[in-house]
Structure formats: C-alpha cells, structure tokens
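On a predicted model such as this, the values are computed, not experimentally measured, just so you know. Every chain is numbered from 1, with letters handed out A, B, ... down the list of sequences.
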Amino acid sequence: MGGAPYSFEIEIPRRYFDVGLSASSGQMFRWKQTANSEWVGANGKHWFRVRVLDGREAYRVESSGPPTVFQSLFRLDWDAADVTETLTRLGPELEPYLQAMPGLRLTRSGDAVETFFSFLCSANNHISRITGMVNHLAAYGPRLEVVDVIDLHRFPRVATLAKVEEAELREKGFGYRAATITQIARELESRGGEAYLRSLGAMPYERAQIELLGFKGIGRKLADCIALFGLDHTEAVPIDTHIWQAATRLYFPHWQGTALTDRKYEEASAFIRNRFGRLAGWAQQALFYENVVNWRTRK
DNA sequence: ATTTGACCTGGGCGT
DNA sequence: GACTACAGGTCAAAT
C-alpha cells in the first residue's frame with residue numbers, strides 16, 4: 001500500500017521488548033507474523049507494521065498513528081528492567097518465569113471496546129479460535145489498510161455490534177458465544193456504550209469489577225481480563241486454568257489439582273495482587289504465558 | 001459454599 | 001482416519 005502516515009524507530013533491547021511475544025501472548029488477538037517475519041496488527045482504530053532492524057536492538061514501525069500510540073500499546077513508558085527487578089524483589093519465585101519469557105510485556109489496549117469483546121470470545125476457548133472470532137468481529141468495522149495481504153480493520157463501535165444478530169454469529173462459528181456476545185453488546189449500549197466502558201477505567205478496580213460482573217455472561221475471570229488488558233487496572237489478576245496451575249504450584253500447594261471455586265479464586269487473585277501491587281498484572285502475564293508454552297510438557 | 005452438567009467448535013495428541 | 005480430551009469460563013440447579 002501507499003506510504004504509512006507514520007514511520008519511526010524504536011530503540012530498545014530485545015530482552016526488554018519482544019514485539020512478537022508481547023503481541024501473540026493472549027493479550028491481543030489481531031497480530032500476525034508475515035512471511036518475511038514482520039509483525040502486522042491492529043488495535044482499536046490503529047494499524048501497525050513492525051520489523052526488526054538487522055543487527056540492531058531496534059524496531060522500525062509503520063503505523064496509522066504517531067509513536068505515542070505504539071509506545072502506549074506496548075507500555076513502553078514502563079521500564080522493563082525496573083519492573084523485572086521490582087517483581088523479583090517482591091517475589092523471588094518469579095525469576096525463572098520472567099527469565100523464560102524475555103521481552104514479554106504487559107500491553108495496554110488503546111480500545112476498551114475491542115478488549116471487552118475480545119475477552120467475551122475467550123471463555124472456555126483456545127487462543128487460535130479466539131483469534132478467528134475476534135477477527136470476525138473486527139471485520140464489522142471499516143477497513144483501515146491492507147498490509148501484506150492482511151486486512152486491517154478499525155474495531156467496530158458498540159452500536160454496530162449491538163445490531164448484529166445472534167444467528168449471524170452462529171453461522172460464523174461462534175457457537176454458544178453468539179448469544180452472549182449479542183446480548184451483552186445490547187446491554188453495554190444501554191448502559192452508555194463506550195463512554196460507560198471508559199468510565200470503568202477511571203473508577204477504582206474493585207468498583208469496575210462489580211460493574212462488569214453485572215453483565216450476564218461475564219464472571220470473575222473475564223471481568224479481570226477486561227479490567228487488566230482493557231481498562232488499565234494493572235493490579236487485576238485474572239485466574240484462569242493456567243494461572244491456577246501456577247498459583248497452586250507456587251503459593252497454594254495444598255490446592256494442587258483441586259477445582260477453582262469462587263472462594264479460591266478470590267484468595268489466589270488477592271494474594272498475587274497484594275504481593276505485587278500495580279505490577280501484579282505484569283507478573284500474571286509472565287506466569288500465564290510461561291504455563292501456556294510449557295504446560296503440555298510439564299504434565 | 002461447593003459440585004455438577006451443559007454449552008459450540010476445532011487443534012492437537014494419543015490410541 | 002475416527003475418537004477423545006480440552007481450551008485464558010459461566011450459569012443454574014442440585015448437593
């Protein structure tokens with residue numbers, strides 16, 4: 001396609017920022033690696049194309065947005081060396097997990113609506129199918145650009161999604177989530193749509209959590225994912241099957257192999273949150289993705 | 001307060 | 001190649 005509106009370099013060591021790892025670790029679902037190993041993706045109203053500069057600790061980024069958008073998305077305003085050092089001081093048990101995932105960063109979505117609907121797709125599902133579903137939803141938004149044959153769309157607004165029929169999503173393979181997604185889209189619109197969602201980012205984590213739990217179809221786990229990845233509540237600790245495995249291994253050995261109940265969810269999540277504070281979400285991401293990568297061989 | 005069963009679909013792995 | 005288990009869970013009903 002024609003020249004990108006913005007083209008800039010980001011200079012940072014790979015151990016502090018691995019763009020592919022950060023983009024494909026289950027925090028966002030609209031990034032792809034191209035044949036020539038560039039990373040191309042979209043978030044909210046922006047698209048990005050990222051390539052590693054030969055022999056240098058730097059990236060060349062083309063984007064619809066200025067550097068600040070990219071920097072915010074990958075949370076480059078947080079110093080990874082500092083975060084890692086603080087995390088290992090607060091929890092030495094984290095060190096092997098952080099070392100196993102060098103360059104993995106906690107991201108910060110620029111679009112709460114996209115994150116909200118992305119994680120509605122994630123319940124009892126696996127990353128590859130979530131990816132397909134999120135990209136189906138994204139196709140309801142206007143096309144931004146085509147980069148290396150990859151169709152990049154602006155993620156649709158709430159009003160658009162609220163008009164989608166359940167049957168339509170069923171046909172696209174959404175399964176039973178077709179019903180919850182269309183219902184929740186309408187509920188979200190009636191609560192004020194995007195403005196309401198954004199307001200959850202401005203209120204304390206605990207209150208945002210309660211608001212999100214008011215949607216039928218959003219439980220603790222999804223509420224925490226939305227809070228963490230979409231509303232910048234970085235102290236949120238979603239407990240999914242992977243974090244549950246890690247948490248029982250590290251902190252609650254007497255619960256290993258047991259089912260996750262409401263009470264245990266609350267205790268495990270609060271424990272990690274109290275241990276790492278506003279860095280808890282970053283810790284969670286390292287524990288999560290290390291377990292995703294290694295869980296098959298571990299058991 | 002915990003446990004159980006139902007729920008769409010499609011990679012992936014072992015038989 | 002069919003089978004089966006399971007995946008970034010949630011809800012309602014039955015212990």
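Within the 4.5 Å cutoff, no side-chain heavy atoms of A/Glu290 are placed close to those of A/Pro96. In this structure, A/Thr258 and A/Trp244 have side chains that are in contact, with non-hydrogen atoms separated by less than 4.5 Å.
When distances are taken from the side chain of A/Asn124 to each of B/dC7, C/dC11, B/dT2, the shortest belongs to B/dC7. Which of B/dT2, C/dG8, B/dG10 sits closest to the side chain of A/Cys225 comes down to C/dG8. Residue A/Lys221 places its side chain closer to C/dG8 than to any other of C/dC11, C/dG8, B/dG10.
Taking the C1' atom of each, C/dA12 and B/dT9 are spaced 23 Å apart, rounded to whole Å. Taking atom P in both C/dT10 and B/dG11, one finds a spacing of 23 Å when rounded to whole Å. Atom P of B/dC8 sits at a distance of 23 Å from the matching atom of C/dC3, rounded to the whole Å. As rounded to the nearest Å, B/dT2 and C/dG8 have C1' atoms that lie 23 Å from one another.
Within the 4.0 angstrom heavy-atom criterion, no nucleotide atom of any strand lies near A/Ile130. Counting any heavy atom pair closer than 4.0 Å across all strands shown, A/Arg220 reaches sugar-phosphate atoms only and no base atom. Residue A/Gln285 is classed as a base contact, given a heavy-atom separation below 4.0 Å to a base. A/Leu222 comes within 4.0 angstrom of the backbone, heavy atoms only, and of no base. Within the nucleic acid shown, A/Gly26 comes within 4.0 Å of at least one base atom, counting heavy atoms only. If you check every strand for non-hydrogen atoms under 4.0 Å, A/Ser128 touches nothing. Residue A/Tyr265 is classed as having no contact, given no heavy-atom separation below 4.0 Å to the nucleic acid. Counting any heavy atom pair closer than 4.0 Å across all strands shown, A/Thr258 reaches no nucleic acid atom.
For the pair A/Arg105 (side chain) and A/Trp78 (backbone), a donor-acceptor distance under 3.5 Å is present. Not a single donor-acceptor pair under 3.5 Å links the side chain of A/Thr182 to the backbone N or O of A/Glu165.
Between the base of C/dG8 and the side chain of A/Tyr289 there is no donor-acceptor pair shorter than 3.5 Å. Counting atom types as modelled, A/Gln27 pairs no side-chain N or O with a base atom of C/dG8 as donor and acceptor under 3.5 Å.
Across all strands shown, the partner of C/dT10 is B/dA6, judged by Watson-Crick or G-U wobble contacts whose two distances both fall under 3.5 Å.
Stacking of the aromatic ring of A/Phe288 onto the base of C/dG8 is found: the ring centres lie under 5.5 Å apart and the planes are inclined by under 30°.
Contact between the side-chain N/O atoms of A/His242 and the OP1/OP2 oxygens of C/dG8 is found at a separation under 4.0 Å.
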